[in-house]
2 protein chains.
Amino acid sequence: MTRSPSSSNPDASVRLGRPPKLDDARARILAEAAALFAEQGYETSSLSELAARLGLTKPAIYHYYSSKQDLFDAVILETLTGLVANVEEALADTTGPCEKLRRFMVGHARYFAGHRDGFVTMLVGFGGMKNTEFREDSLVLRRRYEQLLRDIVSEGVETGAFRQVDPVVTARAILSMLSWMVRWFQPSGGKTAEEIALEYVELLALER
Amino acid sequence: MTRSPSSSNPDASVRLGRPPKLDDARARILAEAAALFAEQGYETSSLSELAARLGLTKPAIYHYYSSKQDLFDAVILETLTGLVANVEEALADTTGPCEKLRRFMVGHARYFAGHRDGFVTMLVGFGGMKNTEFREDSLVLRRRYEQLLRDIVSEGVETGAFRQVDPVVTARAILSMLSWMVRWFQPSGGKTAEEIALEYVELLALER
DNA sequence: CCATTTACTTTCCGACCAGTCAGTATATAA
DNA sequence: TTATATACTGACTGGTCGGAAAGTAAATGG
C-alpha cells in the first residue's frame, strides 16, 4: 500500500509486464501479520513466528517494515482505508436516507466478513487503551466514517424519513453494534454478517 | 473474593474485632492489578511494575496469587460478579418490562462507571481472541447476564408493552452498545454513563 | 517458651523477543 | 565488466519477564 524503503525507481509498479515483486512481498507479509495478530493479539505475536509462517527469516520482515509497530499500523490503515472506500462506494448513486442507512450497515458487515483478520486486529488486537490514538491518518478515516453515518441519520431526521433521533447518539449506537460483532460473530454459525446487519436495521426501526 | 492459599483457619474474616489482613492485601493487589491492566493491557503489564506500585516485591504477589493469569482471571471474575449482582439487585421488586429494561441499562452503566478498570480489563485487556474462553464460572455469569436481559425483552414483547422485536437480537444489540462504551467513554466529557444509557433507551424506543 | 504459620525479601534462572549487524547471492544498469 | 540496489540469511545482543528457590522476620497459638 505505502512504500517504506524509499526506492530510487519512482513508481516501479506502474510499468506493466514486470511483476511488482516488492509490493507483492509487502502485501503477503501484511496479510499474514493480520492473521497472526488476530489470532494471538499484537503483544503475544512474535516476528519470529510471523517469519516462520511466511517461510522467511525475521530480518527479511525488517527489510519491508521498519518495526513491529509499523506493521501493526499498516494492517489497521489498510483495513480502515478499505472499509471507508468500500462503504462509500456502496453509497454512491443512492438517494434516500433509508436506503443509504441500509447500505451503510450491510456494506460495513460485508467488508467486515471479508476482512475479519484486519478488523480483529484493529478493534481488539491491542490490549490497553493508550494506543487508541493511532496514527493521524487512521484517526482522520475514523472520523470521516462516523461523520458519514451521522449525515445519513441527520438527513433522515430532517426530511422526516426517520423518527426524531439524535444523530450523534444514533451513529454511535450503530457503530457500537457493528464493532462489537468482532467479539462474537462466527462465520460458521447460521447467519451471515449481512443478515445480522439487516436485523439491526429492523431493530432500530428508524423509518416511520 | 475467593481464597487461593488454603488457610487453616476457616472463615477468618467472619470473626469481627480482628482485621482480615490477608483479604485486605489480596483486594489491594487486585485493585491495583485492574488499574494496571486497564492502563497498559495484560501482556504489556509486568508483575514487577505492579509490585512496585504496591510497594511490594514480585514474589509477594505470588504469595497471594499463583500466577499472572490467575490475577487476571480474578479481576474479571470480581468485575463480572459485581456487575451481575448489582444489576440483579437494581431489578429486584421491579414490575413491568419498561422499568426493568431502564434499570438494567442504567444499572449496567452505573456499575461500569464505578468500576472502569475492571471493565476495561475484562473487555479490552486481552489482545487476541483465543482467550475469550475464560474460566467456567465467568462464562456462566456472562450467560446468566445476557439471559436476564433477554427475559426482560421477551416479557415486554409478550405482554405487548414493547413492539415486536427479536429478544436475542435486541439483547445482543443492547449489550453491544453498553460494552462498546468502554472504548470511548470519558468521565470528564459532559455526559455521565447513566445519561448515555438513558439516551440508548430512548433511541431503541421499545415501548409502544 | 517453642512450633508453626503468615508474610514477605533477596537472588536468580531460563526463555523469549525486538531489533541489529555483517555478509551473501542475484538482478539490473552503465 | 563493473557498480549498485534488491532481497534476503545466520548469528547475535541487550533487555525483560514470569516464575522458582531459599531464607527471614514477625505474629500466632498451644
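Computation of the quantities below employed the complete heavy-atom set of this structure, encompassing side-chain atoms and omitting hydrogens, waters and symmetry-equivalent molecules.
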With sequence neighbours excluded, what pairs up with A/Arg144 under the salt bridge (charged side-chain N to carboxylate O under 4.0 Å, His left out) test? A/Glu88
C/dG19 C1' sits how many Å from A/Asp70 CG, rounded? 13 Å
Review item, nucleotides 23-26 of chain D N/O atoms under 3.5 Å of protein N/O:
none

Drop me the distance from B/Leu149's CG to B/Arg172's CZ, to the nearest 0.5 angstrom. 12.0 Å
Tell me: CG of A/Leu50 to P of C/dC17, nearest whole Å? 12 Å
Whole angstroms only, please: what is the CD-P distance between B/Gln40 and D/dT16? 14 Å
Between A/Phe119 and the options A/Leu178, A/Thr79, A/Ile76, the side-chain contact (heavy atoms from CB on, under 4.5 Å) test singles out A/Thr79
Roughly, in whole Å, what's the span from OH in A/Tyr62 to P in D/dC12? 19 Å
Given salt bridge (charged side-chain N to carboxylate O under 4.0 Å, His left out), test A/Arg150 with A/Glu146 step by step and report yes or no. CA-CA 6 Å; A/Arg150 284 179 187 168; A/Glu146 183 154 10; 3.5 Å; yes
In Å, rounded to the nearest 0.5 Å, how long is the span from CD of A/Gln186 to CH2 of A/Trp184? 9.5 Å
Between D/dT16 (P) and B/Lys68 (NZ): distance, integer Å: 15 Å
Candidates D/dC8, C/dT6, C/dG19 - which lies nearest the side chain of B/His63: C/dT6
is_close_aromatic(B/Phe104, B/Tyr145), centroid dist under 6.0 Å: yes
With B/Ala109, which residues qualify under side chain to side chain contact (heavy atoms under 4.5 Å, CB included), at least two apart? B/Ala193, B/Ala197
Does a side-chain N or O from B/Tyr64 land closer than 4.0 Å to OP1 or OP2 of C/dC8, or not? yes
I need the CG-P distance between B/Leu47 and C/dT9, as an integer number of Å. 14 Å
Scan residues 53-61 of chain B against DNA chain C and write down, sorted by residue number, each residue with any heavy atom closer than 4.0 Å; if none is found, say none. B/Thr57, B/Pro59, B/Ala60
Figure out the OH/P separation between A/Tyr65 and D/dA7, and round it to whole Å. 13 Å
B/Tyr62 meets the side chain to side chain contact (heavy atoms under 4.5 Å, CB included) criterion, sequence neighbours left out, with B/Leu47, B/Lys58
Residue set satisfying salt bridge (charged side-chain N to carboxylate O under 4.0 Å, His left out) with B/Glu99, at least two apart, ordered chain then number -> B/Arg102, B/Arg103
Please report the distance, rounded to the nearest Å, between CD in A/Glu49 and C1' in C/dA18. 15 Å
